[in-house]
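Note: hydrogens, waters and symmetry copies are ignored here, and every other heavy atom, side chains too, is used.
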Amino acid sequence: MCYLRFDKAQMTNLQESLYKEMLITNRSGAYCSTTLVGCNIRKYHGLLVMPVPELDDENHVLLSSLDETIIQHGAEFNLGLHKYQGENYSPKGHKYIVSFEWEQVPTWTYRVGGVLLKKQIVFDTSIYRIYVRYTLLDAHSETTLRLRPFLAFRSVRQWTHENNVANRSYDEVENGIRMCLYQGYPDLYMQTSTKAEWKYCPDWYRGLDYPKERERGYNASEDLFVPGYFEMPIKKGESITFSAGVAPIEPEQIDVLRQNEVDNIDHRDSFYHCLVNAAHQFRVSKDDESYILAGYPWFKPRARDTFISMPGLTLAIGEKDRFEAYMETASKAIYNFINKEPMSIGIYEMEQPDTLLWATWTIQQYSKYTSRKDCYEKYGKLFKHIMDFISNGQHPNLFVHDNGLLYANGRDRAITWMNSQSDGRPIVPRSGYIVEFNALWYNALKFFEQLIEENGQEEYAGLKDEVSKLAEKVARSFKEVFLNEYGYLLDYVDGQMMDWSVRPNQLFAIAFDYSPLDMKERKSVLDICTKELVTPKGIRSLSPQSGGYNPMYVGPQTQRDLAYHQGTAWPWLTGFYLEAYLRVYRMSGVNYIERKLIGFEEELFYHCIGTIPELFDGNPPFHGRGAISFAMNVSGILRALRLLEKYNNAME
């Protein structure tokens, strides 16, 4: 039995299947995404969505969808599905779906009378090209296959509507055509593996409706251009592949290249392997550099996300070389920032004050999966340069005060991962002594002290004592500033302003290898977080007992921004929470961890199949929201699984 499988009853029920999404990516930021029934419900959906750097730094939808029609004895059965305004669906091809399975590639099986047709989609990892393969499993009479492409040629941020500017002309190529609707876009080559008859009958399909955009408070209607259709006979047992890409391909190579891709795809036969596949989807290679995309479909490589995600997406699944490739690129961005050079690397938000602190944590994770000696040899100098940069007050918004703590100004702009804004100002204005900044700082100092003691005594003679004294000062000050009489940590302190809200940021102080708190204090913090913040889908960004609790991430942009970090649940925090739990409760916490991870396995069958969305509502039924696949979340769960494996092995 296939792990990711949905039967006819599930697929034909649009209330359930219409909002189950799928995602396939290549290694350059391009992707294919739609719903399991093939009906696009977001402006970000499309069969071929790719960067067009000549235009901007956004992705663009070239091929929006492809309708299949089965023809027998003159009768036409359209397998496509589109939603139009007013809750109208046409055609209603989902009723022919027998099953959907995803072992290596997404596979649909359709039954139309005596016809049994299988469809599979594969994305080329080396070029912007998609393959859609049709196999006629059974038929009792002559059968014709018709393929009708829907073209958009627009940014994922925009809509297209019927116009007179679109270039409706086409050129014939071998077994297909090429088209380019608007200037500045590449040509789109649409070809088939066997000879097909191309029938040119251009028209606009008007008023397609995208309910996910309406739900998010945006316009939700567009028109798509359909230039015509391909038509060809198909025999029982025969396979025909449709290819769409920005370069021509020899028809006899279509199935060869497609099969090469299939041979290199890992199986999605378990919770763990689905997450490994999801981890691979965030890879982006550009100009010989390796990036981690923060999420799909709208995020770019972001510095904080990169460093938080990197260990889980690589080391936790045994991919040390991939970690080193990501880190090589990220190190260049770090040195660009430290040396005040123009940014030569396409990683955004390097200037955020906690970015370098998260980089130190990331390097520390490398030492745990390799050795401190290997870590020192590979990243010791980088680590020292980061620590010197911060200690010497060179960061424009991160200062070491006399008490040893780090101070950052976040009153006027968001500077932490809680970065939602309204009218250009932070909704959660975390400023001053910020709890996770200083937890990261103490952890970095203690790890640096250990690196020097074990590997760098000769190179950095005398530095260990200096670092050790500063760490001791930070530990004392941390407890004096953040630990309150109720047994948990203040979220931030800025002069007389103290934020008493119960937030998850205090978890980092008890999850890291080095904590300024003693075991009794750690347990108190953990127990309060467990009581007020833990949900089956992640850790709440704010306790229901705190003022301003707003757990439902729905409605227009402004309404969603106000809820973004005010009670919504974030899966990536679960990794740190579980790490803290095991540090406090040791072996007795293993069964608890296993139970907590069950809720995330269920998520692989909802929202975007096989991955974890950006966030969840903080109240039942904990609906998934935001981006359909989020790197920090996948990373956090993979780290938790690796941690659980480590403890289970220790028990054997």
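- The pair D527-K523 meets the salt-bridge criterion, with a side-chain N (NZ, NE, NH1 or NH2) lying under 4.0 Å from an Asp/Glu carboxylate O.
- Salt bridge annotation for D388-K384: present, with a cationic side-chain nitrogen under 4.0 angstrom from a carboxylate oxygen.
- Paired with Y3 under the rule ring-ring contact (aromatic ring centres under 6.0 Å, His included), one option of F271, Y272, F605 passes, and it is F605.
- Under a 4.0 Å N-O distance rule, the pair R503/E532 does not qualify as a salt bridge.
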Side chain to side chain donor-acceptor pair (under 3.5 Å) for N550 and Y564? Distances and angles first, verdict last.
CA-CA 8 Å; N550 186 3; Y564 199 44; over 6 Å; no
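- With rounding to the nearest 0.5 Å, the separation of CD1 in I598 from CD1 in I593 is 12.0 Å.
- Ion pairing between a basic and an acidic side chain is recognised when a charged N comes within 4.0 Å of a carboxylate O; K464 and E454 show no such pairing.
- A donor-acceptor pair under 3.5 Å links the side-chain atoms of R583 to the main chain of A511, judged by distance alone.
- Between T329 and E289, the side chains place a donor N or O and an acceptor N or O closer than 3.5 Å (distance only, hydrogens not considered).
- With hydrogens and angles left out, the side-chain atoms of W417 and D354 include no donor and acceptor closer than 3.5 Å.
- In this structure, the ring of F323 has its center less than 6.0 angstrom from the ring center of Y366.
- Within the cation-pi definition used here (under 6.0 Å to the ring centroid, within 45° of the axis), R560 qualifies as a partner of Y553.
- Remark: side-chain polar atoms of S635 are not paired, donor with acceptor, to backbone N or O of A631 under 3.5 angstrom.
- The main-chain N or O of A408 is never found under 3.5 Å from a side-chain atom of N397 such that the two would form a donor-acceptor pair.
- S285 places no side-chain N or O within donor-acceptor distance of the main-chain N or O of S290, the cut-off being under 3.5 Å.
- Screening H623, R540, R625 for a side chain to side chain donor-acceptor pair (under 3.5 Å) with D617, the sole residue that qualifies is R625.
- For an aromatic pair to be called close, the ring centres must be under 6.0 Å apart, and Y585 with Y581 satisfies this.
- We find that R430 and D491 are joined by a salt bridge, their nearest charged nitrogen and carboxylate oxygen being less than 4.0 Å apart.
- Note on K446 versus E449: salt bridge recorded, some NZ/NE/NH1/NH2 to OD/OE distance being below 4.0 Å.
- A salt bridge links E579 and K368; the closest N-O separation between the charged side-chain nitrogens and carboxylate oxygens is under 4.0 Å.
- Taking the centre and axis of the six-membered ring of Y376, the NZ or CZ atom of R372 falls outside the cone set by 45° and 6.0 Å.
- For the residue pair Y549/N619, the side-chain donor-acceptor check at 3.5 Å is satisfied.
- Side-chain contact annotation: Y326 with E319, donor-acceptor N/O pair under 3.5 Å absent.
- Residues W570 and Y577 place their aromatic rings such that the two centres sit no closer than 6.0 Å.
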